[in-house]
Amino acid sequence: MLLNRAKTVIKTLKRTSLISPVRNKAAYEGDGRTTVRVINQEQELGLMIDSYATYGFRLNNGVTVLGPMAIFPRTVLSWQVRGSFEVTDSSLRFFKILEPKIDLLVVGLETNERSAVDIVFRAARANSLNVEILPTESACSTFNFLNAEGRSLAGALIPPLTVTANEDDMLQSQLHYRNLYRREM
């Protein structure tokens, strides 16, 4: 009886992480078990912007951010502006008080109007920020590239007003969904 009790205790302890020989095992195997799908295989690169639309952005971790966002290498926040006309000294002040200081702020605007770019540039200068002001489409790729290099940066991005799809985008979408539907669950 004592031997059976000892075996039961050992089995219980092995199931806990205290003395388990298997550490950090991936998701469970087999039918009816929980599985995990990791989208970003290179976690050390941090957050990247996978796509953008008129309603917001999709990140490499599967999160969709609705509306404008403030993105950092490991964090994303909602940025409370409705458009480039609301980017002021006070809306950019947040990026100045960050610790550690950022080297560059990549601002993505929904418009190419010179007056909007000038207003944002003056607001950034008032906060002593190094800024790169681009259309949102270009700002997303610039942020991803600099983030992959390990630079200390932030992005302040406003979703574009329109998105044009080209043939390559449509082909990629068709291939994605075709592969998605063929996968076994």
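Scope of the values below: all heavy atoms of this structure, side chains included, with no hydrogens, waters or symmetry mates.
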- request: Evaluate the criterion side-chain contact (heavy atoms from CB on, under 4.5 Å) for residue pair N130 and L105; output intermediate values, then yes/no.
  value: CA-CA 6 Å; N130 292 328; L105 174 63; over 6 Å; no
Going from [atom1] on [X] to [atom2] on [Y], what distance comes out if it is rounded to the nearest 0.5 angstrom?
{"X": "T136", "Y": "F143", "atom1": "OG1", "atom2": "CZ", "value": "13.5 Å"}
{"X": "S128", "Y": "L92", "atom1": "OG", "atom2": "CG", "value": "12.0 Å"}
{"X": "R122", "Y": "N127", "atom1": "CZ", "atom2": "CG", "value": "14.5 Å"}
{"X": "M69", "Y": "L59", "atom1": "CE", "atom2": "CG", "value": "5.5 Å"}
{"X": "L157", "Y": "E137", "atom1": "CG", "atom2": "CD", "value": "10.5 Å"}

task: Using side chain to side chain contact (heavy atoms under 4.5 Å, CB included) as the criterion, point out the one residue from D118, L109, V106 that pairs with I133.
output: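 The side chain to side chain contact (heavy atoms under 4.5 Å, CB included) with I133 is passed solely by L109 among D118, L109, V106.
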- prompt: Would I102 and L153 satisfy side-chain contact (heavy atoms from CB on, under 4.5 Å), going step by step from the backbone distance to the final call?
  reply: CA-CA 5 Å; I102 59 172; L153 80 152; 5.5 Å; no
Please name the pair of heavy atoms, one in [X] and one in [Y], separated by the smallest distance, quoted to 0.1 Å.
{"X": "P73", "Y": "R151", "answer": "CG-O, 4.3 Å"}
{"X": "A123", "Y": "D89", "answer": "CA-OD1, 3.2 Å"}
{"X": "C140", "Y": "F57", "answer": "SG-CE2, 3.9 Å"}
{"X": "A53", "Y": "P160", "answer": "O-CD, 3.5 Å"}
{"X": "G108", "Y": "A139", "answer": "CA-CB, 3.5 Å"}
{"X": "A116", "Y": "S84", "answer": "CB-OG, 3.7 Å"}

task: Report yes or no: do Q80 and S78 form a side-chain donor-acceptor pair below 3.5 Å?
output: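 A pair is found: one side chain offers a donor N or O, the other an acceptor, under 3.5 Å apart.
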query: Do the side-chain N and O atoms of R58 and S51 include a donor-acceptor pair separated by under 3.5 angstrom?
result: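 Short answer, no.
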task: Taking the side chain as every heavy atom from C-beta outward, state whether N112 and P135 have any atom pair closer than 4.5 Å.
output: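 The answer is yes, as the side chains (C-beta and beyond) meet within the 4.5 Å cut-off.
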Should [X] and [Y] be counted in the same cluster of Ile, Leu, Val, Met, Phe, Trp and Tyr side chains packed under 4.5 Å apart?
{"X": "V81", "Y": "V117", "value": "yes"}
{"X": "V120", "Y": "L134", "value": "no"}
{"X": "I158", "Y": "L129", "value": "yes"}
{"X": "I71", "Y": "L104", "value": "yes"}
{"X": "V163", "Y": "V65", "value": "yes"}

query: Short question: side chain of W79, backbone of S91 - any donor-acceptor pair under 3.5 Å?
result: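 Yes; at least one donor-acceptor contact below 3.5 Å.
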- request: Examine distances only and state if a side-chain atom of N60 and a backbone atom of M48 form a donor-acceptor pair shorter than 3.5 Å.
  value: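 At least one qualifying donor-acceptor pair exists.
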- request: Using the six-membered ring wherever Trp is involved, compare the ring planes of F72 and F95 and label them parallel, tilted or perpendicular (cut-offs 30° and 60°).
  value: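 The arrangement is tilted - the two ring planes meet at 30° to 60°.
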CZ/F85: more than 12 non-hydrogen atoms of other groups inside 6.0 Å: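 Counting neighbours around CZ of F85, more than 12 heavy atoms of other residues, nucleotides or ligands fall under 6.0 Å, so yes.
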- request: Start with the C-alpha distance between L47 and N61, add both sets of side-chain angles, then the distance that settles side-chain contact (heavy atoms from CB on, under 4.5 Å), and finish with yes or no.
  value: CA-CA 7 Å; L47 291 175; N61 61 359; 3.5 Å; yes
message: Applying side-chain contact (heavy atoms from CB on, under 4.5 Å) to K101 and S152, what does each step give before you reach the verdict?
response: CA-CA 8 Å; K101 302 269 186 236; S152 175; over 6 Å; no
